[in-house]
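All remarks here apply to the structure that follows.
Here is how names work: the chains are called A, B, and so on, in the same order as the sequence lines, proteins then strands, and each is numbered from 1.
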Protein chains: 2
Amino acid sequence: MSPPTTRRRRRAHDPESVLATAVGVFNERGYDGTSMEDLARALGVTKSAIYHHVPGKEQLLARALERALDGLSAVVGDERAASGGPAIERLEWAVRQSVHILVDRLPYVTLLLRVRGNSRTEQAALERRREFEGFISRLVKEAAAEGSIRPDVDPALVTRLLSGTVSSITEWYRPAPGASADDLADALLKMTFSGLRV
Amino acid sequence: MSPPTTRRRRRAHDPESVLATAVGVFNERGYDGTSMEDLARALGVTKSAIYHHVPGKEQLLARALERALDGLSAVVGDERAASGGPAIERLEWAVRQSVHILVDRLPYVTLLLRVRGNSRTEQAALERRREFEGFISRLVKEAAAEGSIRPDVDPALVTRLLSGTVSSITEWYRPAPGASADDLADALLKMTFSGLRV
DNA sequence: TTGTCAACTGACCGAATGTTCGGTAAACAC
DNA sequence: GTGTTTACCGAACATTCGGTCAGTTGACAA
C-alpha cells in the first residue's frame with residue numbers, strides 16, 4: 001500500500017539522490033572544498049556507501065556538469081532549428097531561454113559556472129561552455145551588424161556584460177513561489193535592453 | 001645610495017611578492033584547489049620557504065581578501081563624505097567607482113567574489129561583502145523612491161542584477177593597453193542605465 | 001523458512017595535505 | 001677577515017584525502 005513507509009530506512013539512496021545531494025554540497029563548499037566525508041555526512045551514510053551508488057567524486061562532478069551543459073546545448077539547437085527573424089529578437093529569445101535553463105537546473109549550472117579547469121573533466125566542461133558563449137557572441141554581432149544594438153559599445157564587450165549578468169543570477173537566485181523564471185528574464189531584459197533609467 | 005638592493009637577487013621573495021603570486025594561483029585553481037606545493041612551484045622555491053615569509057595558507061587568503069574589501073569600503077566612505085545630489089547619480093558614481101576598484105585590484109576582488117564561507121576567515125569576508133551590497137541596495141532604493149528608476153522592476157532585483165553585472169567583470173576582464181576602467185564603466189552604465197537597444 | 005541481493009558498515013590503504021624544524025649558505029656589517 | 005642576519009632547503013610530522021574490500025543487515029520472493 002504505502003510506498004516507502006516510515007519504516008527503518010533501508011533503501012534510502014540511489015545514484016540520482018546521491019548526485020542531487022552532492023551538487024548541493026559542492027555548491028555550498030566548492031568542489032575542491034568538499035570531502036567525501038562531507039558528502040557522506042550530508043547523505044546520512046558512511047563514506048564507503050557512496051561508492052555503492054557512484055564510481056567516485058569526479059564522476060559526480062562530470063554528471064552534474066553534463067546536466068547543465070545539455071540544457072545550454074538545447075538552447076543552441078532550438079535556435080538553429082527555428083532561426084529567422086531579426087537577430088536582436090533571436091538574441092532576446094536566447095537570453096530568455098538561458099535564464100530558464102539556469103533556473104530549472106540551478107544547482108547544476110551554478111556548479112558549471114564555477115569550474116576552473118583543474119582536471120580533464122573540468123577542462124572538457126569549459127570547452128563546451130565556450131561553445132555556448134560563442135553562440136551568444138554570434139547573435140550579438142549579428143544584432144550589431146543589423147543596427148539593432150547601440151553602436152557606441154563594442155559587441156564583444158556587450159557579449160561579456162550580457163552573459164555575465166545572466167550568469168550572476170546563480171549567485172543569488174533561490175526558487176520561490178513568488179518569482180518565476182519568466183519574471184526574472186523580463187526584468188533582466190528590461191534592464192539590459194531598455195535600461196533602468198526612466 | 002642605491003635604493004633597496006637592485007643586486008643579484010638570490011633572495012627573491014618577500015611577503016608582498018608571495019602574496020601576489022599566491023593570489024594569482026588561487027584564482028587559477030581555486031583556493032581549496034591550490035596546495036602549498038603548487039604555490040612553491042609558482043614561486044620557484046620549496047614549500048618550507050613560504051613559511052619564512054608568511055604564517056600560512058589561510059593568512060595569505062585573509063590578507064588578499066582584506067585588500068579587496070578595503071577598496072570597496074573606501075567607496076562607501078567616499079560616498080558618505082560627499083553625499084548630496086540625486087540618488088540615481090550617486091548610484092551611477094558608486095557603480096563607476098566599484099568598477100575602478102575591481103579593475104585596480106582585480107586578482108584580490110576576484111578571489112573575494114569566489115569565497116564560499118568555508119572558514120572563519122571566509123565568513124568574516126562574506127560579512128564585510130554583504131555590508132557593501134547593502135550600501136548599493138540602499139542607493140537603488142533611494143533612486144527608485146526618487147522616481148529615477150523604471151517602476152516595473154523590483155528594486156531588490158535591480159540591485160542583484162546590477163551588482164551581478166559588475167561582479168561578473170572579474171570572470172573575463174584582463175588589463176590591456178586599449179581598455180581603461182573608465183571605458184569599461186561607461187559601457188556597463190550605458191547598457192544597464194540606458195539599454196542596449198537603439 | 002530460507003535464500004537472494006542490494007544497501008550499507010567499519011577497518012583499512014597509499015598518497016597528498018598544511019606545517020614544523022634543524023641545518024646551510026649567501027649577503028651584509030664591522 | 002669574523003659575526004650576524006636572512007632566505008632557503010630537505011626531511012620529517014600528524015592529519016586528511018579519495019578510494020577499496022570483506023563482511024553484515026534488512027527487505028522481499030518463493
- Task: Report the distance from atom CD of B/E37 to atom P of C/dT19, rounded to the nearest whole Å.
- Result: 13 Å

- Item | Spacing between A/L43 atom CG and C/dA7 atom P, to the nearest angstrom | 14 Å

- Message: When you measure only distances, ignoring hydrogens and angles, does the side chain of A/S48 come within 3.5 Å of the base of C/dG10 through a donor and an acceptor?
- Response: yes

- Query: Within less than 4.0 Å of OP1 or OP2 of D/dT6, is there a side-chain N or O belonging to B/H13?
  - Reply: no

- Message: Given D/dG19, C/dT19, D/dA7, identify the nucleotide with an atom nearest to the side chain of B/K57.
- Response: C/dT19

- Query: Nearest to the side chain of A/H52 - D/dC8, C/dG18, C/dA7?
  - Reply: C/dA7

- Task: Using atom CG of B/L39 as one end and atom C1' of C/dT17 as the other, report the distance to the nearest whole Å.
- Result: 13 Å

- Task: Check whether the side chains of B/S73 and B/D70 place a donor and an acceptor atom closer than 3.5 Å, and report yes or no.
- Result: no

- Task: Validate the cation-pi geometry between B/R197 and A/F193: distance from NZ or CZ to the six-membered ring centre under 6.0 Å, angle to the ring axis within 45°.
- Result: no

- Message: Rounded to whole Å, please give me the gap between NE2 in B/H53 and P in C/dT19.
- Response: 16 Å

- Query: Whole Å only: how far is the CG atom of B/D38 from the C1' atom of C/dT17?
  - Reply: 11 Å

- Query: Any idea which heavy atoms bring B/Y173 and B/L106 closest together, and the distance?
  - Reply: O-CD2, 3.3 Å

- Message: Starting the side chain at C-beta, find the nucleotide from C/dT19, D/dC9, D/dC8 nearest to B/A12.
- Response: D/dC8

- More 5' along DNA chain D: A/A49 or A/D32, using each one's nearest nucleotide? A/D32

- Could you check whether A/S35 gets within reach of a base, just the sugar-phosphate, or nothing at all, counting any heavy atom under 4.0 Å? sugar-phosphate

- Of all heavy-atom pairs between B/R63 and B/P55, which one has the smallest distance, and what is that distance? NH2-CD, 3.5 Å

- Item | Value in whole Å for how far the C1' atom of D/dT20 lies from CD1 of A/I50 | 14 Å

- Task: Can you figure out which of C/dT19, C/dG10, D/dG18 approaches the side chain of A/Y51 most closely?
- Result: D/dG18

- Task: Could you tell me the separation between the CE atom of B/M36 and the C1' atom of D/dC8, rounded to a whole number of Å?
- Result: 14 Å

- Among the nucleotides C/dG18, C/dC8, D/dG10, which one has an atom lying closest to any side-chain atom of B/K47? C/dG18

- Is there a path of hydrophobic side-chain contacts, each under 4.5 Å between heavy atoms of I, L, V, M, F, W or Y residues, that connects B/V198 with A/L161? no

- Query: Just how far, in rounded Å, is C1' of D/dT16 from CZ of A/R41?
  - Reply: 12 Å

